[in-house]
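Keep in mind that the numbers below use all heavy atoms, side chains included, and drop hydrogens, waters and symmetry copies.
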Amino acid sequence: MSRLRLVSAIGWGFSTWNEEDQLRMLTEFGIHHVQIFRNREKHLSAADIRRKLDDFGVRAVSLHAFFGTGWDASSIEELERQQVVDGLRGEADFVRELGGDLVVVHPGVDDIGAETRSPRRISALRRTSEALARIGEATGVTMALENLQSGQMGDDMALLRTIVDEID
């Protein structure tokens, strides 16, 4: 059996994306594995999403974790950073309920410019990453740091590689 598969991201809970239409189109193209990207302003249950995926013979293999305000993995405010870790623990549980085993995590939020090189932010991201590794070990979920565009935490792939290598 091939270790190569075609996976597509699918939006869930957005007024501009109809999940059934997306699933129908994906299966017509032979795509049966998806990454779920869901609207964080809506309460969506993993069980409801999984039932709909099952109806179309599609499997969620990954989840794009919530990001944006309140989800800054590089926050230098320790209480905020701990809340992000707790939220990401919930994301690991959510992807397991979906039947997947990978959570994609944004290392930071917004355009912070040169602050992406801040030793305090890098240290905070390292501590968050250590917590994510422990969550992964406990749940069997791979937590993946996503590289981001210039000016956002995660814009330095070498730094992300160093953090992952040091922790792993």
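Remark: His64 pairs with Phe37, Phe67, His106 by the ring-ring contact (aromatic ring centres under 6.0 Å, His included) rule, at least two apart or across chains. Partners of Arg96 according to the salt bridge (Lys or Arg N to Asp or Glu O under 4.0 Å) rule, which considers only residues two or more places apart in sequence or in another chain, do not exist here. Under the salt bridge (Lys or Arg N to Asp or Glu O under 4.0 Å) criterion, Asp165 pairs with Arg161, sequence neighbours left out. Every residue was checked against the side chain to side chain donor-acceptor pair (under 3.5 Å) condition with Glu77, not counting sequence neighbours, and none meets it. In terms of the salt bridge (Lys or Arg N to Asp or Glu O under 4.0 Å) criterion, residue partners of Glu166 (sequence neighbours excluded) are, by chain and number, Arg126. Legend: residues meeting salt bridge (Lys or Arg N to Asp or Glu O under 4.0 Å) with Glu41, ordered by chain and number and at least two apart, are absent. Under the rule for a side chain to side chain donor-acceptor pair (under 3.5 Å), Ser129 has no partner lying at least two apart in sequence or in another chain. Phe94 is linked by a ring-ring contact (aromatic ring centres under 6.0 Å, His included) to nothing, counting only residues two or more places apart in sequence or in another chain.
Side chains of Asp48 and Ser45: a donor on one and an acceptor on the other come within 3.5 Å. Thr128 and Arg81 form a side-chain donor-acceptor contact under 3.5 Å, judged by distance and modelled atom types alone.
Going from atom CD of Gln22 over to atom CZ of Phe56 covers 10.5 Å, rounded to the nearest 0.5 Å. If you take CG on Asn147 and CG on Asp156, they are separated by 10.5 Å, rounding to the nearest 0.5 Å. From Leu125, atom CG reaches atom OG of Ser75 across 11.0 Å, with rounding to the nearest 0.5 Å.
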Listing, residues 82-89 side-chain donor-acceptor contacts under 3.5 Å, not counting sequence neighbours, or none:
| unit_1 | atom_1 | unit_2 | atom_2 | d |
| --- | --- | --- | --- | --- |
| Gln82 | NE2 | Glu78 | OE2 | 3.4 |
| Asp86 | OD1 | Arg89 | NH1 | 2.9 |

Using atom types as modelled, flag every donor-acceptor pair under 3.5 Å from a side chain in residues 7-17 to any protein atom, sequence neighbours excluded.
none

Just distance, no hydrogens or angles: give the donor-acceptor pairs under 3.5 Å from side chains in residues 24-31, sequence neighbours left out.
| unit_1 | atom_1 | unit_2 | atom_2 | d |
| --- | --- | --- | --- | --- |
| Arg24 | NH1 | Asp21 | OD1 | 3.2 |
| Thr27 | OG1 | Leu23 | O | 3.0 |
| Thr27 | OG1 | Arg24 | O | 3.0 |

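Counting heavy atoms from C-beta on, the side chains of Val58 and His33 never come closer than 4.5 Å. In this structure the side chain of Asp155 never reaches within 4.5 angstrom of the side chain of Leu148, judged on heavy atoms. Within the 4.5 Å cutoff, no side-chain heavy atoms of Asp110 are placed close to those of Gln152. Annotation: side chain of Val61 is not in contact with side chain of Val95 (no heavy-atom distance under 4.5 Å).
Side chain of Asp168 to backbone of Val164: no donor-acceptor contact under 3.5 angstrom is found. Using modelled atom types, no side-chain atom of Glu130 and backbone atom of Ile167 make a donor-acceptor pair closer than 3.5 Å. The backbone N or O of Ser74 lies less than 3.5 Å from a partner atom in the side chain of Arg121, making a donor-acceptor pair. A donor-acceptor pair is defined here as one N or O able to donate and one able to accept, closer than 3.5 Å; such a pair exists between the side chain of Arg50 and the backbone of Glu97.
Of all the heavy atoms in Leu98 and Ala60, the pair that sits closest is CB-CB, 4.0 Å. The shortest heavy-atom contact between Ile135 and Ala92 is CG2-CB, 3.8 Å. Between Leu160 and Glu146, the closest heavy-atom pair is CD1-O, 4.1 Å. Closest heavy-atom contact between Leu132 and Met143: O-CG, 3.5 Å. The nearest pair of heavy atoms linking Ser150 to Asp111 is O-OD2, 4.5 Å. When all heavy atoms are compared, the tightest approach of Arg38 to Leu44 is CB-CD1, 3.8 Å.
Taken together through direct or relayed side-chain contacts under 4.5 Å among Ile, Leu, Val, Met, Phe, Trp and Tyr, Ile76 and Val109 form parts of separate hydrophobic clusters. Cluster annotation: Val104 is not connected to Ile49 through the hydrophobic network of ILVMFWY side chains, with a link wherever side-chain heavy atoms come within less than 4.5 Å. A single hydrophobic cluster is seen to contain both Leu63 and Leu6, as judged by linkage of ILVMFWY side chains at heavy-atom distances under 4.5 Å, directly or through other members.
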Assess the residue pair Leu53 and Ile36 against the criterion (side chain to side chain contact (heavy atoms under 4.5 Å, CB included)); give the C-alpha distance rounded to whole Å, side-chain angles, the decisive distance to 0.1 Å, and a yes or no. CA-CA 10 Å; Leu53 294 172; Ile36 300 296; 4.3 Å; yes

Could you go through the salt bridge (Lys or Arg N to Asp or Glu O under 4.0 Å) check for Glu19 and Lys52 one step at a time? CA-CA 9 Å; Glu19 294 91 7; Lys52 183 65 70 178; over 6 Å; no

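The pair Glu115-Arg120 fails the salt-bridge criterion, with no side-chain N (NZ, NE, NH1 or NH2) lying under 4.0 Å from an Asp/Glu carboxylate O.
For residues 133-144, no pair satisfies side chain to side chain donor-acceptor pair (under 3.5 Å), with sequence neighbours left out.
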